[in-house]
Amino acid sequence: MGTATAMQGCDVPENFPERDRLFTPDEWINDGDAIVIKPMGAIAAGPHHREKGILYAEIDPEAARRARRSLDVCGHYSRPDIFSFSVNRKPLAPVIFLD
């Protein structure tokens with residue numbers, strides 16, 4: 001789930017210093033874009049772009065369990081004989097672009 005606040009200038013409290021100079025009432029300060037994504041990447045609900053409201057979606061816990069099986073880091077993907085992770089902490093020379 002991706003949550004975001006959809007906010008317009010009219011949502012800023014009246015006692016906010018310089019509110020009317022900074023914002024117009026119909027101006028979008030934050031577009032919102034709340035969204036619910038299914039475990040395999042499809043959109044389940046939303047996005048609420050420049051909309052104020054509540055976003056509803058039905059979540060299937062079994063679908064989440066099935067999706068976890070596609071990348072099993074403890075099972076057959078756990079192959080220390082062929083995969084390794086390391087971090088080089090030494091400073092590197094900057095990139096030089098050749099013409």
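For T5, there are no side chain to side chain donor-acceptor pair (under 3.5 Å) partners two or more places apart in sequence or in a different chain. Every residue meeting the side chain to side chain donor-acceptor pair (under 3.5 Å) condition with R21, not counting sequence neighbours, appears here in chain and number order: E18. In this view, I43 and I35, I37 satisfy the side chain to side chain contact (heavy atoms under 4.5 Å, CB included) rule, not counting sequence neighbours. Applying the side chain to side chain contact (heavy atoms under 4.5 Å, CB included) rule to E27 yields the partners F23, T24; only residues at least two apart in sequence or on another chain are considered. By the salt bridge (Lys or Arg N to Asp or Glu O under 4.0 Å) test, D33 pairs with no residue at all, sequence neighbours left out. Applying the side chain to side chain contact (heavy atoms under 4.5 Å, CB included) criterion to A63, with sequence neighbours excluded, gives P39, D60, R66. For K52, the salt bridge (Lys or Arg N to Asp or Glu O under 4.0 Å) test picks out D11, with sequence neighbours left out. Not a single side chain to side chain donor-acceptor pair (under 3.5 Å) links E14 to another residue, sequence neighbours left out. Residues that satisfy the salt bridge (Lys or Arg N to Asp or Glu O under 4.0 Å) test with E62, not counting sequence neighbours, are R65, R69. Applying the side chain to side chain donor-acceptor pair (under 3.5 Å) test to D31 and every residue at least two apart in sequence or in another chain returns R50.
What you find for M7 and V12 is that their closest heavy atoms are CE-CG2, 4.1 Å. Nearest heavy atom pair, residue A44 against residue K38, reads CB-CG, 3.7 Å. In this structure, M1 and I59 approach most closely via the heavy-atom pair CE-CD1, 4.4 Å. For D26 against Q8, the heavy-atom pair with the smallest separation is O-NE2, 3.3 Å. Here the closest heavy-atom approach between residue A67 and residue M40 is recorded as CB-SD, 3.8 Å.
Taking hydrophobic clusters as Ile, Leu, Val, Met, Phe, Trp and Tyr residues chained together by side-chain heavy-atom distances below 4.5 Å, W28 does not share a cluster with L22.
Annotation for Y56: hydrophobic cluster partners, listed by chain and number, are I54 (ILVMFWY side-chain heavy atoms under 4.5 Å, direct or chained).
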Listing, residues 85-96 side-chain donor-acceptor contacts under 3.5 Å, not counting sequence neighbours, or none:
| unit_1 | atom_1 | unit_2 | atom_2 | d |
| --- | --- | --- | --- | --- |
| N88 | OD1 | K90 | N | 3.0 |

